[in-house]
Amino acid sequence: MRGWRLRRRLAAVYSVLSVVLLLASGVIAWSMVRLDDAIHTRSDVLAPIQVSTVRLVASLVDQETGMRGYLLQGDDSFLEPYEVGRTSETELRASLATRVAGRPDLQRRLDVLRQRIDEWHRDYADPAIAAVRAGGTDASTLRDPALGKEHFDAVRLAGTDLDDAVRAAALRAREDVTGAVRTLVVSLVVAAVALIVLLVLIFRALRVWVTRPLGAVGSDVRRVAGGDLEHVIAATGPPDIETLVSDVELMRLQLLGELGVARSARASIESQAEILRRSNRDLEQFAYVASHDLQEPLRKVASFCQLLERRYGDKLDERGSQYIHFAVDGAKRMQKLINDLLAFSRVGRTTETFVDVDLAEVVQRTETTLSIVLETTGGEVVTSELPTVPGDPVLLTQLFQNLVGNAVKFHGEQPPRIRIEAVERDTEWELSCADNGIGIEPEYADKIFVIFQRLHGRDAYEGTGIGLALCRKIVEFHGGRIWLDGTVNSGTTFRWTLPKRRAVALPSDLGLHHGPPAIPAPARPDARSGSPTAPSKSGGPT
């Protein structure tokens with residue numbers, strides 16, 4: 001049995017249990033059938049036979065008493081007990097004949113009783129009554145009373161013999177009932193004891209085969225889960241559990257090997273993180289230099305060019321004034337480009353400023369900031385009901401300012417009309433900013449979100465080409481996505497999503513997988529004015 005699997009062991013145990021239960025059930029059923037038969041024999045067969053025998057003998061006694069009174073007095077009223085007794089005798093003899101059928105001993109004694117009764121009626125009772133009816137009371141002396149007494153004593157003796165036999169059979173039936181009850185009780189006790197013993201054995205077997213091995217395995221697994229990965233999980237129990245333990249041990253060995261790989265990878269990641277931290281410190285230092293040291297020479301160039309124009313402007317020709325204008329304009333654009341790059345680099349550094357932001361208030365602040373340009377162009381911003389989302393209020397304000405500012409900048413012949421809407425999805429909000437401007441061709445849908453990419457020359461529309469790239473970085477930093485809706489027929493519609501719950505992407509997801517930003521080839525300057533020309537005929541934001 002040592003090599004048996006758990007299923008086979010349990011099948012054997014339950015087979016033994018089933019056999020014992022079947023045997024016990026059979027013995028109990030046999031005992032109950034025997035008890036029922038004994039009770040039926042005693043109560044439904046022998047008791048009525050005994051009662052009928054006593055009543056039959058009593059009816060004969062009544063007949064004999066009535067007959068003697070009639071023989072002495074000759075009065076027909078004395079024959080009433082005799083007539084009633086004869087009627088009862090007929091009924092009781094028929095009932096007894098039916099009840100003793102199948103019981104030869106009782107049937108034989110009943111036949112003897114019936115024979116004695118018939119002889120008493122034939123040889124004495126009926127002739128004596130007939131003689132008195134014919135010749136009066138004096139005729140009764142014609143029948144010898146000793147003959148009547150002899151015949152009736154024979155009747156009494158046969159009745160007593162039948163009654164004694166019935167009583168003996170009833171006594172045996174009662175003993176059978178007692179024996180059947182005893183057998184039933186013994187069977188129930190034996191079955192209960194056997195069942196208890198089997199249940200104890202099953203409990204013991206389950207403890208030895210299942211619970212104890214599983215407890216040992218569970219203890220080993222908890223020890224391993226607690227950090228002691230070197231602890232060996234010992235195999236124990238039936239082959240099924242030993243197979244399970246072997247699988248768990250194999251899993252422990254795999255985890256141990258993967259842990260070594262993970263530790264090596266962690267050490268490598270920590271080394272990379274340290275390098276990244278040093279790089280970030282260098283970048284922060286560069287940002288500081290860019291925001292302070294690099295802008296100072298630009299301010300000097302612009303200032304001295306303006307001073308040069310004011311002091312020597314009357315001595316310079318048109319071309320000289322134009323050169324000074326180009327220098328000042330280039331310095332200012334370089335300063336704005338540096339500021340935009342700093343803003344772009346700061347997005348995604350921290351999420352500590354994340355709060356619940358009411359986008360309706362963000363749009364109001366945007367309208368206030370752009371109020372002058374909106375008033376100048378006759379622009380209008382229309383909004384539907386906007387939600388509250390988790391995010392950085394400064395960055396979200398920057399997002400809306402860029403989108404609304406682009407819509408105003410690239411308006412068509414009509415005054416700009418900007419509509420901002422929000423649609424609720426399962427786990428996010430989908431927002432849109434639609435305008436009636438010059439629009440963007442669908443083939444430029446991806447290009448417009450790349451940093452420094454412009455669809456117009458600077459002489460047509462000012463800007464650095466960072467605005468939409470900054471919008472994309474802000475949206476992705478908040479866990480959403482932004483795209484150009486290419487299905488609209490007129491104007492420009494940008495759509496973006498913001499999660500309902502805080503879901504900030506990792507820095508590696510914030511557009512860094514798109515590769516290094518594509519720097520467009522420098523535009524060829526116009527031969528006459530020196531201003532750059534647009535690389536594309538399509539209009540679009542910057």
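Index from 1, following the sequence.
- The local environment of CD in Gln254 is crowded, with over 12 non-hydrogen atoms from other residues, nucleotides or ligands closer than 6.0 Å.
- Separating the SG atom in Cys471 from the CD atom in Gln401 is a distance of 10.0 Å, to the nearest 0.5 Å.
- By the side-chain contact (heavy atoms from CB on, under 4.5 Å) test, Thr160 is found to be paired with Asp164, residues two or more places apart in sequence or in another chain being considered.
- Of the inter-residue distances, the one linking Ser52 atom OG with Leu96 atom CG reads 4.5 Å to the nearest 0.5 angstrom.
- Remark: Arg93 engages Glu89, Asp118 in a salt bridge (Lys or Arg N to Asp or Glu O under 4.0 Å) (not counting sequence neighbours).
- By the 4.5 Å heavy-atom criterion applied to side chains, Ile49 and Leu106 are counted as neighbours.
- The CZ atom of Arg419 sits 8.0 Å away from the OG1 atom of Thr383 when rounded to the nearest 0.5 Å.
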_Evaluation steps, side-chain contact (heavy atoms from CB on, under 4.5 Å), between Ile420 and Val382_ = CA-CA 6 Å; Ile420 300 175; Val382 180; over 6 Å; no
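- Asn402 places a side-chain N or O within 3.5 Å of a backbone atom of Gln398 that can act as its donor or acceptor partner.
- Under the salt bridge (Lys or Arg N to Asp or Glu O under 4.0 Å) criterion, Glu150 pairs with no residue, sequence neighbours left out.
- With sequence neighbours left out, the salt bridge (Lys or Arg N to Asp or Glu O under 4.0 Å) criterion links Asp163 to Arg167.
- When side chains are defined from C-beta on, Leu396 counts as touching Val389, because their heavy atoms get closer than 4.5 Å.
- Val394 is linked by a side-chain contact (heavy atoms from CB on, under 4.5 Å) to Asp392, counting only residues two or more places apart in sequence or in another chain.
- With contacts defined as side-chain heavy-atom distances shorter than 4.5 Å, the pair Arg481/Glu476 does not qualify.
- A donor-acceptor pair under 3.5 Å is absent between the side-chain atoms of Ser95 and the main chain of Glu91, judged by distance alone.
- In terms of the side chain to side chain donor-acceptor pair (under 3.5 Å) criterion, Ser264 has no residue partners (sequence neighbours excluded).
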*side-chain contact (heavy atoms from CB on, under 4.5 Å) between Thr53 and Leu110, intermediate numbers included*: CA-CA 9 Å; Thr53 302; Leu110 178 61; over 6 Å; no
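- Taken from CD in Glu274 to CD1 in Ile269, the straight-line distance is 14.5 Å, to the nearest 0.5 Å.
- Other residues, nucleotides and ligands place no more than 12 heavy atoms under 6.0 Å from the CZ atom of Arg55.
- Proximity of Arg425 to Thr497: side-chain heavy atoms (C-beta onward) are nowhere separated by under 4.5 Å.
- The minimum heavy-atom distance between Ser384 and Glu421, with the atom names listed, is OG-CA, 3.2 Å.
- Residues forming a side chain to side chain donor-acceptor pair (under 3.5 Å) with Ser432 (at least two apart in sequence, or on another chain): none.
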*Pair Val112-Asp161, side-chain contact (heavy atoms from CB on, under 4.5 Å): steps then yes or no*: CA-CA 9 Å; Val112 172; Asp161 184 55; over 6 Å; no
Considering only distance and modelled atom types, tabulate donor-acceptor pairs under 3.5 Å from the side chains of residues 354-363, sequence neighbours left out.
| unit_1 | atom_1 | unit_2 | atom_2 | d |
| --- | --- | --- | --- | --- |
| Asp358 | OD1 | Ala360 | N | 3.1 |

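- The heavy-atom pair separating Leu395 from Ile474 by the smallest distance is O-CD1, 3.4 Å.
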For residues 194-201, run the donor-acceptor check on the side chains, cut-off 3.5 Å, and write out each pair with its distance to 0.1 Å, sequence neighbours left out.
none

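- For the pair His478 and Pro390, the tightest heavy-atom approach, listed with the atom from each and the gap, is CD2-O, 3.9 Å.
- Counting only distance, with no hydrogens or angles, the side chain of Thr397 and the backbone of Pro393 share a donor-acceptor pair below 3.5 Å.
- Among residues two or more places apart in sequence or in another chain, the ring-ring contact (aromatic ring centres under 6.0 Å, His included) test is passed with Trp429 by none.
- Under the 6.0 Å cut-off for aromatic ring centres, Trp496 and Phe477 do not qualify, their centroids lying 6.0 Å or more apart.
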*Determine, stepwise, if the pair Val61 / Arg156 fulfils side-chain contact (heavy atoms from CB on, under 4.5 Å).*
CA-CA 9 Å; Val61 172; Arg156 288 178 184 272; 4.1 Å; yes
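- When every heavy atom of Leu113 is checked against every heavy atom of Gly159, the shortest pair comes out as CD1-N, 3.4 Å.
- Listed for the Ser59 side chain is a donor-acceptor partner under 3.5 Å among the backbone atoms of Leu56.
- Interatomic distance, Ile117 CD1 to His121 NE2, rounded to the nearest 0.5 Å: 6.5 Å.
- Taking 4.5 Å as the limit, some side-chain heavy atom of Ile28 sits within range of a side-chain heavy atom of Leu188.
- Closest approach of Phe400 to Thr366, counting heavy atoms only: CB-OG1, 3.5 Å.
- Every side chain to side chain donor-acceptor pair (under 3.5 Å) that Arg266 has, sequence neighbours left out, goes to Glu270.
- Between Glu424 and Lys500 the shortest side-chain heavy-atom distance falls below 4.5 Å.
- By the salt bridge (Lys or Arg N to Asp or Glu O under 4.0 Å) test, Arg114 pairs with Asp111, sequence neighbours left out.
- Contact annotation: the side chain of Leu484 approaches that of Phe494 to within less than 4.5 Å [non-hydrogen atoms, C-beta and beyond].
- When all heavy atoms of Pro499 and Gly480 are compared, the closest pair comes out as CD-N, 4.3 Å.
- Contact annotation: the side chain of Leu399 never approaches that of Leu470 to less than 4.5 Å [non-hydrogen atoms, C-beta and beyond].
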